[in-house]
Amino acid sequence: MRIPIGSVTPASGTAEVVGWVHEVRDLGGLAFFLIRDRTGIIQVTIPKKKASEAVLAAAKAVSRESVVRVAGAVKAIDKAPGGRELVPELFEILNMCESPLPLDVVEKVPADLDTRLDARFLDARRPRVTAVFQIRSAAMHAINTFFFNRGFININTPKIVAAATEGGTELFPIAYFDKEAFLNQSPQLYKQMMMAAGFEKVYEIGPIFRAEEHNTTKHLNEATSIDIEVSFIDHHGVMHILEDLIVHTYQHVHDNCSYQLANLGCTDFAVPKAPFPRLLYSDAIAIAQKKIEEPIKYGDDIGSAAERVIGAEMGGHYFIVDWPTEIRPYYAMPYEHDPSICKAFDLMHPRMELASGAERVHQHDLLVQQIRKKGLNPESFEFYLRPFRFGMPPHAGWGLGAERLIMTMLGLSNVREAVLFPRDMHRLVP
RNA sequence: GCCCAGGUAGUGUAGUGGCCUAUCAUGAUUGCCUGUCACGCAAUCGACUCGGAUUCGAAUUCCGACCUGGGCGCCA
């Protein structure tokens, strides 16, 4: 019976493991093989005088990164990684690996991201890359559990749509029989429609597509969005949910992924504390005006340079709240006392924006008015506007970028590190 | 879309007109080595993105193409 390498201990007695040949060190009369699976690495030691002919033949023939099955006695050895080693009675090559390798799995020599992504299957064998995706999986599990425990209904909305949701961002056109269609940039309109359906609390984790020709370390043309929409709640309510979710997710990773965090060198993994500070948009602008050279004024978007200096000032996660209505989408609810600002917010990590959300406009006529103000045609949104005439409850929601969450959580330098097969301007394969 | 910087063995690099039959590391092949853990030692193998131009001479200068990284705008 095969057991995971991470579970092999000096107390195991005998063990059978399967995995990849990570490294070979042949000292002459004694040879060391490091065998790796997704749970860890074990040293296999072959004393050549004592080993069987079959074991010697296989050990001589095998190449690095070949798949092998090894079985034998487990011995406690202080000098070996994990304090144990395997002395094989069986050393079977399940599949040979070609040579040379497209990149160095052991990482004695680094590889460019481009080279790594071209051979992602091999790149992902590297323990630190495996760790990123194991942590991403754990984080997603925590997020699903969080919503399930709070009574959210998990929904799936179409990714093939007829029109833009908000205007502005570029869409990917696709051929849809004899009609014009696009890949969806956001589940925004659909999750709002489910408020009219009385679902009250919905969430969706799914792909979003943006055809922007951006060339940065924090943008993808295909990203994963974690979206919620909740009825009978205001923007403060959904901000509470968001900060609780962030803390819960960090805590889950902290409690369940110590091996992976160690592989990544995250020795000081800190769980953020809620509540996160609420910074008024107007105060954020004031900070930026003091600290950066390029001119920025009330009513401007907060650019990368401003984002960085404000982030440095805040030191941790924070919200920017009460944005000018003019620079937010039409579905953000303006304040009654001052319609020039609205109940919209962004969740920020010191490095970048993670999420944005708002209390939504739920009154049909106000919504039409706001759509017009943005220079958009309400008629092309009829499928969306219709529910607002048939009992749409007050509601609020947000969308959180999954890759950015993982990127900032683990201190990754490029968002592509948080995606198995990233899609950007230049990359469509693999 | 705009602005920078690049493209040299499988991988990562050095090389700014002749000293390049191209540096170093890693890797692969072969040999030696019984406690390695970036094992060590020796030998061998393996590269200037493509096309054009300048020049006695181009990896190096110029033009074009293709490809890549980064910054900005915009956003998640």
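Chain letters run A, B, ... following the sequence lines, proteins first, then strands; residues in each count from 1.
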Any A:Thr216 side-chain nitrogen or oxygen under 4.0 Å from OP1 or OP2 of B:G73 | no
Between B:G70, B:U68, B:G1, which nucleotide has the shortest distance from any of its atoms to the side chain of A:Thr217?
-> B:G70
Taking protein heavy atoms under 4.0 Å as touching, what does nucleotides 25-35 of chain B look like 5' to 3' if B marks base contact, S marks sugar-phosphate-only contact and - marks none?
-> -SSS----BBB
Among B:A38, B:U68, B:C72, the nucleotide that comes nearest once only the side chain of A:Asp114 is considered | B:U68
Can you tell which of B:C74, B:A76, B:G12 lies closest to the side chain of A:Asp301?
-> B:C74
Report yes if a side-chain nitrogen or oxygen of A:His426 is closer than 4.0 Å to either non-bridging phosphate oxygen (OP1 or OP2) of B:U68; otherwise report no.
-> yes
Any A:Asn215 side-chain N or O less than 4.0 Å from OP1/OP2 of B:U68 = no
What's the shortest heavy-atom distance between A:Asp114 and A:Arg427, and which atoms?
-> OD1-NH2, 2.6 Å
Please check if any side-chain donor atom of A:Gln192 sits under 3.5 Å from a side-chain acceptor atom of A:Glu229, or the reverse.
-> no
Tell me, please, which residues at least two apart from A:Thr408 pass side chain to side chain donor-acceptor pair (under 3.5 Å).
-> none
Taking only the side-chain nitrogens and oxygens of A:Thr115, find out if one of them lies under 4.0 Å from OP1 or OP2 of B:U11.
-> no
Option from A:Asp346, A:Asp322, A:Asp301 for which salt bridge (Lys or Arg N to Asp or Glu O under 4.0 Å) with A:Arg328 holds = A:Asp346
Between A:Ser225 and B:A76, is there a side-chain N or O to OP1/OP2 distance below 4.0 Å?
-> no
Remember a base hit wins even if backbone is also touched, and classify A:Arg351 as base, sugar-phosphate or nothing at under 4.0 Å, heavy atoms.
-> nothing
Of the listed nucleotides B:G73, B:G12, B:A76, the one nearest the side chain of A:Asp112 = B:G12
If you check the A:Arg308 side chain, which of B:C37, B:C72, B:U13 turns out closest?
-> B:C72
What is the nucleic acid contact for A:Glu307, judged by heavy atoms within less than 4.0 Å: base, sugar-phosphate only, or nothing?
-> base
May I ask you to say what A:Asn414 touches in the nucleic acid, namely base, sugar-phosphate or nothing, with a heavy-atom cut-off under 4.0 Å?
-> sugar-phosphate
